[in-house]
Protein chains: 2
Amino acid sequence: MFSKATEYALRATIYIAQKSSDKNKPGMAEIAKAIDSPQSFTAKILQLLTKNNKIVSSVRGPNGGFFLTDKAKKLPVRSILEAMGEDEVLEKCVLGLKQCSEAKPCPMHTNYKLIKGQLIDLFETKSIQSLADEFENGGAKLNNRIK
Amino acid sequence: MFSKATEYALRATIYIAQKSSDKNKPGMAEIAKAIDSPQSFTAKILQLLTKNNKIVSSVRGPNGGFFLTDKAKKLPVRSILEAMGEDEVLEKCVLGLKQCSEAKPCPMHTNYKLIKGQLIDLFETKSIQSLADEFENGGAKLNNRIK
DNA sequence: ATAATTAAGGATAAATTTGTCCTTAATTAT
DNA sequence: ATAATTAAGGACAAATTTATCCTTAATTAT
Ligand code: FES
Ligand code: FES
């Protein structure tokens, strides 16, 4: 559904939201390990999410790392997709027509639009914070390594 | 959601299902034009769908082209995804965990699984034939060029 | 001030996806 | 039989995505 980059972005952001505090900000090594992603690549992705302080914030130097402001935690998950330039996935025609519309619907449209609506609603309603709460609190995981 | 290749595969198959008959089998040029796809690339994709006569059938030579057997028309849309090796998209974890499971759910799982179920149901229930019926009959389109 | 730590950023490489072109093989019409 | 038509298939090219590595800049601890 999403690119690897966006999957890493989602997992990393949720991890940071849950783990960061004033005292403790996870660094790249910790994050990549926790979400089971390639470290250098994930670093690039966090750079994107940090640019203009869109979603993720960071501090350099010893005890530095990544964190989310309270404001950022309240953002809908969709804002991560937007920062990754991949939120059009939610709006796309499932058969790849240039527009998904009632005016010129594809043969799947009538059935798919119901699902699409729920998908959009999910990503717009769920906040980053609420996903962070699911993580560990609700027993949700951000990797599924055996150990 | 799907790769371009799979989008072309879906559109092309639906088009062929609707347009082909004993007397008339659309060729590559016609298909690519109708579904607004790059011809040579689409040809490769139809080769995949034709291999082992999985979904699409073909005849070479004058008045040759592509068609679907009645049996093929009754296949679920998901079988096209399978032929393209891309049906795992339906089963995947939305955050990219290696497994989507109740045992080790990601933070989106509880909400997403409801949508996922509908998505799987849609692709397993809808037949290629029923989509072909939507096309032109039901006013559905396989491209949205202005003209 | 200095050294240590950590993210930012640039350059580059590998892998995959998307796409084109040309030749070959099969089939049909004449 | 021959020529025309059309899909099959191989080789290759372009574009995009994924990934690594190394240097630079900022910050902190000493
Ligand atoms: S037009 Fe294809 S899903 Fe809406
Ligand atoms: S585990 Fe992520 S969607 Fe099921």
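Side-chain atoms are counted along with the backbone in the values below, which use heavy atoms only and exclude waters and symmetry mates. Here is the naming used below: chain letters follow the sequence lines, and residue numbers restart at 1 for every chain.
- Listed by first then second residue, pairs satisfying ring-ring contact (aromatic ring centres under 6.0 Å, His included) with a partner in residues 105-126 of chain A read A:F2-A:F123, not counting sequence neighbours.
- The NZ atom of B:K25 sits 13 Å away from the P atom of D:dA8 (whole-angstrom rounding).
- Computed from coordinates, the A:F66 CZ to C:dT5 C1' distance equals 13 Å when rounded to whole Å.
- More than 12 non-hydrogen atoms from other residues, nucleotides or ligands lie less than 6.0 angstrom from NZ of A:K126.
- Atom C1' of nucleotide C:dT6 and atom CG of A:L46 are separated by 13 Å, given to the nearest angstrom.
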Base-pair map of DNA chain D as dot-bracket, where | denotes pairing with a different strand and pairs are Watson-Crick or G-U under 3.5 Å: ||||||||||||||||||||||||||||||
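- Closest approach to the A:S58 side chain among C:dA29, C:dA7, D:dA7 is made by C:dA7 (side chain taken as heavy atoms from C-beta onward).
- Per the geometry, CD1 belonging to A:I45 stands 13 Å off P belonging to C:dA8, to the nearest Å.
- A:F67 belongs to a hydrophobic cluster whose other members, connected by ILVMFWY side-chain contacts under 4.5 Å either directly or through intermediates, are A:V59.
- Linking ILVMFWY side-chain heavy atoms closer than 4.5 Å, directly or via other members, places A:F41 and B:L97 in two distinct hydrophobic clusters.
- Legend: salt bridge (charged side-chain N to carboxylate O under 4.0 Å, His left out) pairs involving residues 18-35 of chain B, not counting sequence neighbours: none detected.
- Rounded to a whole Å, the CG atom of B:L49 is 14 Å from the C1' atom of D:dA7.
- The interatomic distance linking A:F67 (CZ) with C:dA7 (P) rounds to 12 Å, in whole Å.
- When all heavy atoms of A:V89 and A:M1 are compared, the pair lying nearest together is CG1-O, 3.9 Å.
- Hydrophobic clustering, with ILVMFWY side chains joined whenever heavy atoms are under 4.5 angstrom apart, groups B:I120 together with A:I115.
- Side-chain contact of B:T110 with A:E134: a donor-acceptor pair under 3.5 Å is absent, judged by distance alone.
- Here B:N63 reaches the OP1 or OP2 of C:dA29: one of its side-chain N or O atoms lies under 4.0 Å away.
- Residue B:M28 contributes atom CE, which lies 14 Å from atom C1' of C:dC21 at whole-angstrom precision.
- The stretch residues 91-100 of chain B participates, sequence neighbours left out, in these salt bridge (charged side-chain N to carboxylate O under 4.0 Å, His left out) pairs: A:E7-B:K92, A:D36-B:K98, B:R78-B:E91.
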For nucleotides 17-27 of chain D, 5' to 3', base contacts (B), sugar-phosphate-only contacts (S) and non-contacts (-) with protein non-hydrogen atoms under 4.0 Å give -BBBB---BBB
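- We find that CD of B:Q47 is positioned 8 Å from P of D:dG10, with the value rounded to whole Å.
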